[in-house]
Enquirer: 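Just passing along the structure, written as structure tokens.
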Amino acid sequence: MGNLGLPERAQNLHDMVERGVDVLVIGGGITGCGVALDAAVRGYRVGLVEQNDFASGTSSKSTKLVHGGIRYLPQYDFTLVREALVERGHLTRNAPFLVRPLGFLLPLYKDARRPLGIPIVPPFGIGLGLMLRMGLYLYDFLSGRLGIHPHRRISLHKASSLAPCLKVDGLKDAFIYYDAQTDDTRLTLTVLRTAAAHGAIVANYAEVCGFERIDKAITGARVRDSMTGQEHTIRARYIVNATGVFAERVEAMAGGEPSMRVAPAKGVHLTVPREPLRMKHNTAVVLPETEDGRILFLVPWGPRVTIGTTDTAGGDIERPLAADEDIDYLLRHVNKYMDCTLTRQDIISTWAGYRPLVHAKRSRAKTAQLSRTHAVLLGNGGLITIVGGKLTTYRRMALDTVNEIDKKEGKRGLPDTTTLSLEGAEHWDKVRKTLPAQATALCLSPDIVRRLENYGDQALVLLDLIREEPALGKRIVSDLPYIMAEVVYACRYEMAVTLDDVLTRRLHINFEAWGRGINVAPAVAERMAAELGWDAAEQQRQVAAYRPLES
Ligand code: FAD
């Protein structure tokens with residue numbers, strides 16, 4: 001596997017500046033990484049620049065579901081659900097080690113009014129169970145041959161055994177349906193590494209701060225390397241703006257009237273321990289009806305549970321933070337449906353992100369693609385903006401974007417990424433069988449093996465690191481499965497260049513550890529120092545600069 005560390009970062013920037021690229025992608029979230037991969041696979045010389053760390057925007061703040069979006073069914077948005085279910089199917093095949101099926105327990109209570117947001121309220125709730133069932137049949141049907149498992153109705157007894165804390169008072173029916181779960185940051189990094197393996201040249205901490213033009217056409221981007229403070233120009237024949245909630249701002253740099261308006265919608269999650277909710281590790285729970293007609297998920301995440309999410313308009317997109325009312329809202333609904341009293345003391349962390357919801361602004365704006373999920377917009381000077389969509393649909397968004405470039409080039413859009421394995425998938429079938437035995441021989445516990453599975457066949461690289469230096473098999477936090485070998489891997493192969501890159505994104509210690517990992521920061525910094533050549537002063541600076549998200 002190719003290295004992708006600090007030296008490669010400098011080389012890549014130099015290469016982009018010296019030689020220019022065919023396609024420059026701005027933004028290293030899932031959308032930008034997907035576009036870089038698609039364009040590289042089609043033979044373009046691709047560069048990608050990200051102003052902070054890869055996946056530091058919305059792509060690390062999602063509910064981490066690869067799903068069709070069952071809540072869109074009652075809105076009759078079948079096209080959207082079908083599109084996402086198809087993408088879910090491709091992802092479970094192209095990255096089976098990272099996108100895994102998960103059962104969702106959907107309870108129905110006697111006093112339900114509009115579970116899942118169904119639009120019609122039958123008198124006395126008669127027939128609600130049947131309506132839900134029809135919806136679940138439709139969900140299975142829309143996934144077609146790419147489906148996971150069909151839904152099933154389960155007994156109340158079974159429901160209680162799957163989610164012992166679920167309130168049984170008034171429970172009249174229960175179902176299990178299937179979607180998939182992933183690690184959003186790791187998925188983004190995996191797509192990024194796959195793009196790099198196909199020739200894409202990538203760099204984080206490189207912010208686009210302006211454009212170069214000849215006449216009206218944009219011919220390049222001015223990029224500020226925030227590690228050196230230097231500004232460079234990267235020439236590009238096409239520039240793709242994949243900056244999520246920042247897309248309008250980046251479009252404004254191109255001058256003229258922006259073609260769209262991004263309406264950010266904030267979503268907040270809580271991370272809590274699994275014990276108070278007595279959740280099983282393989283079943284999520286759907287809270288079917290909130291006071292504002294939405295649904296919430298309780299999703300198992302190793303020894304923790306993720307609770308989310310809220311959906312409120314507006315806010316500071318630079319600093320997504322959970323407000324008190326967001327936290328109260330989530331706790332109130334959990335305590336309504338679960339037989340427990342979850343309080344603020346149970347919260348390990350809160351985290352927030354912004355959905356990049358898009359509205360076309362100029363009626364004359366040339367809209368290449370405007371689907372319910374995402375839009376590809378052709379803006380001033382030839383800037384191509386891709387915005388909206390979901391983590392689940394990134395591949396389809398990338399396909400639509402690069403098709404626009406192919407159209408301008410007069411090329412046909414082949415090959416595409418429908419069946420392209422992501423890095424880690426190629427030998428996964430074989431590695432999956434031997435990984436537990438190899439890991440046990442190195443004294444790694446089962447939860448660590450499950451964590452290593454997220455790397456697919458690249459888990460063997462981590463095992464080799466531990467063989468060379470057994471201390472790398474040690475846990476970083478006593479009740480979490482992260483090990484020191486991952487820190488080394490992050491620096492060598494995933495371009496982690498700050499302590500925050502490791503503690504917040506490559507590993508999720510910032511979200512999952514009590515105290516947000518402050519106590520382990522010096523040890524992790526020491527290990528990173530050995531990889532990245534930090535001196536003692538830089539180590540200290542990194543520890544001081546590691547600011548865990550506020551809760
Ligand atoms: P981002 O991830 O925000 O990436 C944009 C990047 O552009 C950022 O990293 C930013 O730093 C960079 N950038 C900005 N300006 C510049 C510049 N000038 N120069 C260089 N770089 C720049 N989807 C699902 O499928 N499943 C879910 O379970 C799910 N849950 C969600 C829950 C919440 C609360 C939210 C908010 C969203 C959820 N989504 C989910 C949607 C999904 O997370 C987003 O659609 C997706 O992550 C957006 O990715 P993106 O790459 O477009 O944006």
Side-chain angles (χ1 to χ4, degrees), residues 24-36 47-69 71 80 83-85 87-88 91 99 102 179-185 187-188 191-192 203-211 221-226 234 239-253 262 264-269 284 296-297 299 306-312 315 317-318 320 322 326 330 351-358 373-375 385-398 401 505:
L24 180 67
V25 182
I26 315 173
I30 190 71
T31 309
C33 294
V35 172
L48 180 146
V49 285
E50 159 58 49
Q51 66 179 358
N52 297 311
D53 186 21
F54 305 117
S56 58
T58 308
S59 297
S60 54
K61 314 288 172 27
S62 80
T63 313
K64 298 165 183 26
L65 302 180
V66 171
H67 62 161
R71 72 191 175 92
L80 181 150
E83 181 178 290
L85 286 171
E87 289 307 318
R88 184 192 74 178
L91 264 172
V99 181
L102 181 68
D179 261 320
Q181 182 179 35
T182 191
D183 174 333
D184 49 7
T185 309
L187 180 64
T188 305
V191 175
L192 180 88
N204 50 4
Y205 296 99
E207 178 190 4
V208 168
C209 47
F211 292 113
R222 281 199 306 284
V223 176
R224 204 180 69 84
D225 176 348
S226 55
I234 298 175
I239 298 192
V240 176
N241 169 16
T243 54
V245 280
F246 299 95
E248 197 178 336
R249 202 180 281 181
V250 170
E251 235 211 354
M253 285 184 211
V262 176
K266 190 176 76 170
V268 168
H269 290 92
L296 294 179
F297 294 108
V299 189
T306 299
I307 301 171
T309 172
T310 60
D311 191 349
T312 50
I317 57 172
E318 299 279 359
D326 298 324
L330 292 171
W351 34 287
Y354 283 100
R355 298 171 185 86
L357 303 182
V358 62
T373 55
H374 62 266
T385 294
I386 167 73
V387 69
K390 311 203 299 174
L391 190 80
T392 307
T393 56
Y394 83 85
R395 196 200 64 84
R396 177 60 202 274
M397 295 165 73
T401 309
R505 281 170 297 280

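Since we're looking at a predicted model, the values are computed, not measured. Every number for a ligand or one of its atoms is a count from 1 in the order of the listing. The analysis underlying the following values was restricted to heavy atoms, covering all of them including side chains, and did not include hydrogens, waters or symmetry mates.
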Enquirer: Got a sec, which residues hit side-chain hydrogen bond (donor to acceptor under 3.5 Å, both in side chains) with Thr63, two or more places apart in sequence or on another chain?
Expert: His269

Enquirer: Checking a contact table here: which protein heavy atom is nearest atom 43 (O) of ligand 1, and how many Å away?
Expert: Ser62 CB, 3.4 Å

Enquirer: Which residue and non-hydrogen atom of the protein lie closest to atom 53 (O) of ligand 1, and at what distance in Å?
Expert: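 Atom 53 (O) of ligand 1 sits closest to the protein heavy atom Gly244 CA, 3.7 Å.
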
Enquirer: Could you find the nearest protein heavy atom to atom 45 (O) of ligand 1 and give me its residue, atom name and distance?
Expert: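 Checked against all protein heavy atoms, atom 45 (O) of ligand 1 sits closest to Gly389 O, 3.2 Å.
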
Enquirer: Does ligand 1 have any atom sitting under 4.0 Å from a heavy atom of Val245?
Expert: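 Contact check Val245 vs ligand 1: negative.
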
Enquirer: Nearest to atom 49 (O) of ligand 1 by heavy atom, Cys209, Gly29, Ser59: which?
Expert: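 Going through Cys209, Gly29, Ser59 one by one, Ser59 has the nearest heavy atom to atom 49 (O) of ligand 1.
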
Enquirer: Got an N/O contact under 3.5 Å between Asp53 and ligand 1?
Expert: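 Not met; the criterion fails.
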
Enquirer: Which protein heavy atom lies closest to atom 44 (C) of ligand 1, and at what distance to 0.1 Å?
Expert: Thr58 CG2, 3.9 Å

Enquirer: Counting heavy atoms only, which of Leu391, Leu65, Asn204, Leu48 comes nearest to atom 26 (N) of ligand 1?
Expert: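 Going through Leu391, Leu65, Asn204, Leu48 one by one, Leu65 has the nearest heavy atom to atom 26 (N) of ligand 1.
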
Enquirer: Who's the nearest protein heavy-atom neighbour of atom 33 (C) of ligand 1, and how far?
Expert: Lys61 O, 3.7 Å

Enquirer: Considering only heavy atoms of Lys64, which atoms of ligand 1 have at least one such atom less than 4.0 Å away?
Expert: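 Those qualifying, in numeric order: 28 (O).
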
Enquirer: Under 4.0 Å from a heavy atom of Gly267: give me the atoms of ligand 1 that qualify, with their elements.
Expert: 34 (C)

Enquirer: Any N or O of Thr392 that comes nearer than 3.5 Å to an N or O of ligand 1?
Expert: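 Yes, at least one N or O pair falls under 3.5 Å.
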
Enquirer: Using heavy atoms and a 4.0 Å limit, tell me yes or no: is Lys266 in contact with ligand 1?
Expert: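 It does not; every heavy atom stays at 4.0 Å or beyond.
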
Enquirer: Name the option, out of Pro356, Gly27, Gly32, that contains the heavy atom nearest to atom 7 (O) of ligand 1.
Expert: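 The residue whose heavy atom sits nearest atom 7 (O) of ligand 1 is Gly27.
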
Enquirer: Among protein heavy atoms, which lies nearest atom 30 (N) of ligand 1, and at what distance?
Expert: Thr63 N, 3.0 Å

Enquirer: Looking at Asp184 and Ser62, would you say the former's side chain and the latter's main chain have a donor-acceptor pair under 3.5 Å?
Expert: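 Checking the backbone N and O of Ser62 against the side chain of Asp184, a donor-acceptor pair under 3.5 Å is found.
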
Enquirer: Which residue and atom name correspond to the protein heavy atom nearest atom 11 (O) of ligand 1, and how close is it?
Expert: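 Atom 11 (O) of ligand 1 sits closest to the protein heavy atom Glu50 OE2, 2.7 Å.
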
Enquirer: Compute the shortest N/O to N/O distance between Gln51 and ligand 1 and return yes if it is under 3.5 Å, no if not.
Expert: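 N/O-N/O distance under 3.5 Å: yes.
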
Enquirer: Checking the side chain of Thr401 only, and the main-chain atoms of Met397 only, is there a donor and an acceptor separated by less than 3.5 Å?
Expert: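 Yes.
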
Enquirer: Do Lys64 and Asp183 meet the salt-bridge criterion of a basic N to acidic O distance under 4.0 Å?
Expert: no

Enquirer: Looking only at N/O atoms, are Thr31 and ligand 1 under 3.5 Å apart anywhere?
Expert: yes

Enquirer: Counting N and O atoms only, with roles assigned by atom type, does the side chain of Lys61 sit under 3.5 Å from a partner on the main chain of Arg355, one being a donor and the other an acceptor?
Expert: no

Enquirer: In the protein, which heavy atom is nearest to atom 19 (N) of ligand 1, and how far is it?
Expert: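 Ranked first by proximity to atom 19 (N) of ligand 1 is Val208 N, 3.0 Å.
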
Enquirer: Under 4.0 Å from any heavy atom of His269, which atoms of ligand 1 are there?
Expert: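 With His269 as reference, the close atoms of ligand 1 come out as 32 (C), 34 (C).
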
